[in-house]
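Everything on this sheet refers to the single structure shown next.
Below, read A as the first sequence line, B as the second, and so on, with proteins coming before strands; counting in each chain starts at 1.
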2 protein chains.
Amino acid sequence: MIQRCDVKEVGGKSYRCFFELTMQVIGGKWKPVILYHLSQEKVLRFGALKKSLNGITQRMLTKQLRELEADRIVTRTVFNEVPPKVEYSLTELGESLIPIFLEMKKWGIRYEECIAGEVITGDTYESVDDPA
Amino acid sequence: MIQRCDVKEVGGKSYRCFFELTMQVIGGKWKPVILYHLSQEKVLRFGALKKSLNGITQRMLTKQLRELEADRIVTRTVFNEVPPKVEYSLTELGESLIPIFLEMKKWGIRYEECIAGEVITGDTYESVDDPA
DNA sequence: CGGTATCCCACGCGATACTG
DNA sequence: CAGTATCGCGTGGGATACCG
């Protein structure tokens, strides 16, 4: 029998299942792509990350990175140089997300094929409701 | 060298990596929990789903289910009865998401432990900045 | 270079009411 | 029971300007 899930809370996030909790950590408009790049490149400077995320504003990138840092997914390393230099990379906890990334990549490819295929097919219905 | 990802498009969603594409299909406030329940129960009536998602409005649930249906993740079966009866379940494509769910559940548990642990620990700092 | 500080808008999401 | 139809707000996200 299906039951109402209690709402739990951890690290300021409320969730009803672990699936949902994980989505709150890696979800949103930018985090998936940020994490994708970091998982590919190991370590990236702020500017490099910004260039690779075509279109993100500095404010947004900073905000996303701060959140990921608070969630212990990325580390932020500041070099006291002029000009300034800040590097980001995945923490151990962040790297433990990689199996998820791989599963999602596999599924994304499958989904793309599925949807792309469907546009063409259209079964063998005799044209229903097409007055043209 | 890191490069700008081109923005691709499929099924009305634009994305720069498959990870991001997948997130667009299963992300949002409600979809994770909806999918969680459907993956547990195989088939659920609209009302049962609504009861299990403590707090969702009818309008929202309908909207989320329609989107998942359009993305071929769930099927909608209408029974011509009085009172009406509509059942939802995962499609084959939807079921292929399950490996992702399992990875995310595993990670969510790990994350919870990690964050919960950190709140207590607080290293061995001599209480800094605590005038009480 | 790598950030804040303001200001602002779109839209995701919700509350409520009504219907076949 | 399983929906639409309206109305409306909060906030995720963006544009721009300035700072160490």
Residues that [X] engages under side-chain contact (heavy atoms from CB on, under 4.5 Å), provided they are two or more places apart:
{"X": "B/Gln64", "result": "B/Trp30, B/Lys31, B/Ile34, B/Met60, B/Glu67"}
{"X": "B/Lys105", "result": "A/Phe18, B/Ile109"}
{"X": "B/Glu69", "result": "B/Arg66, B/Val74, B/Arg76"}
{"X": "A/Glu9", "result": "A/Ser14"}

Taking atom [atom2] of [N] as reference, at what distance in whole Å does atom [atom1] of [X] sit?
{"X": "B/Glu87", "N": "D/dC1", "atom1": "CD", "atom2": "C1'", "result": "13 Å"}
{"X": "A/Leu49", "N": "C/dG2", "atom1": "CG", "atom2": "P", "result": "10 Å"}
{"X": "B/Lys50", "N": "D/dT4", "atom1": "NZ", "atom2": "C1'", "result": "15 Å"}
{"X": "B/Asn80", "N": "D/dC1", "atom1": "CG", "atom2": "C1'", "result": "13 Å"}
{"X": "A/Lys63", "N": "C/dT6", "atom1": "NZ", "atom2": "P", "result": "17 Å"}
{"X": "A/Glu81", "N": "C/dG2", "atom1": "CD", "atom2": "C1'", "result": "13 Å"}
{"X": "B/Leu61", "N": "D/dC1", "atom1": "CG", "atom2": "P", "result": "14 Å"}
{"X": "B/Tyr88", "N": "D/dA2", "atom1": "OH", "atom2": "P", "result": "9 Å"}

Just list the side-chain donor-acceptor pairs under 3.5 Å for residues 93-101 of chain B, sequence neighbours left out, or say none.
from	atom 1	to	atom 2	distance (Å)
B/Ser96	OG	A/Trp107	NE1	2.8
B/Ser96	OG	B/Leu93	O	2.5

5' priority, DNA chain D, between A/Met60 and B/Thr62 [closest heavy atom]: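 With B/Thr62 and A/Met60 compared, the 5'-side residue is B/Thr62.
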
Classify every nucleotide of nucleotides 15-20 of chain D by which part a protein heavy atom approaches to under 4.0 Å, writing B for the base, S for the sugar-phosphate alone and - for neither, in 5'-to-3' order. B----B

Partners of B/Ser89 by side-chain hydrogen bond (donor to acceptor under 3.5 Å, both in side chains), sequence neighbours excluded?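 Partners of B/Ser89 by the side-chain hydrogen bond (donor to acceptor under 3.5 Å, both in side chains) criterion, ordered by chain and then number, come out as B/Thr75.
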
List for me each residue that meets side-chain hydrogen bond (donor to acceptor under 3.5 Å, both in side chains) alongside B/Lys50, sequence neighbours excluded, and say none if there are none.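 B/Lys50 satisfies side-chain hydrogen bond (donor to acceptor under 3.5 Å, both in side chains) with no other residue.
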
Other residues, nucleotides and ligands only: do more than 12 of their heavy atoms fall within 6.0 Å of CD on B/Glu81?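 Counting other residues, nucleotides and ligands, CD of B/Glu81 exceeds 12 neighbours.
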
Among residues at least two apart in sequence or on other chains, which ones pass salt bridge (charged side-chain N to carboxylate O under 4.0 Å, His left out) with B/Arg45?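 By the salt bridge (charged side-chain N to carboxylate O under 4.0 Å, His left out) rule, B/Arg45 matches no residue at all.
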
Can you give the dot-bracket line for DNA chain C, using ( ) for pairs inside the strand, [ ] for pairs that cross earlier ones, | for pairs with another strand and . for unpaired bases, where Watson-Crick and G-U count if both distances are under 3.5 Å? ||||||||||||||||||||

Please work out which residues in residues 22-35 of chain A have a non-hydrogen atom less than 4.0 Å from an atom of DNA chain D and list them by number.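 The stretch gives A/Lys29, A/Trp30 as the residues lying under 4.0 Å from the strand, ordered by number.
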
Calculate, to the nearest 0.5 Å, the distance between atoms CG and OH belonging to A/Asp71 and B/Tyr111 respectively.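 With rounding to 0.5 Å, CG (A/Asp71) is 3.5 Å from OH (B/Tyr111).
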
What's A/Phe79 touching, base or sugar-phosphate or nothing? Going by heavy atoms closer than 4.0 Å.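 Nothing: the residue A/Phe79, judged by heavy atoms under 4.0 Å, touches no strand.
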
For residues 106-117 of chain A, which residue pairs qualify under salt bridge (charged side-chain N to carboxylate O under 4.0 Å, His left out), counting only residues two or more places apart or in two chains?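 Salt bridge (charged side-chain N to carboxylate O under 4.0 Å, His left out) check on residues 106-117 of chain A returns A/Glu103-A/Lys106.
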
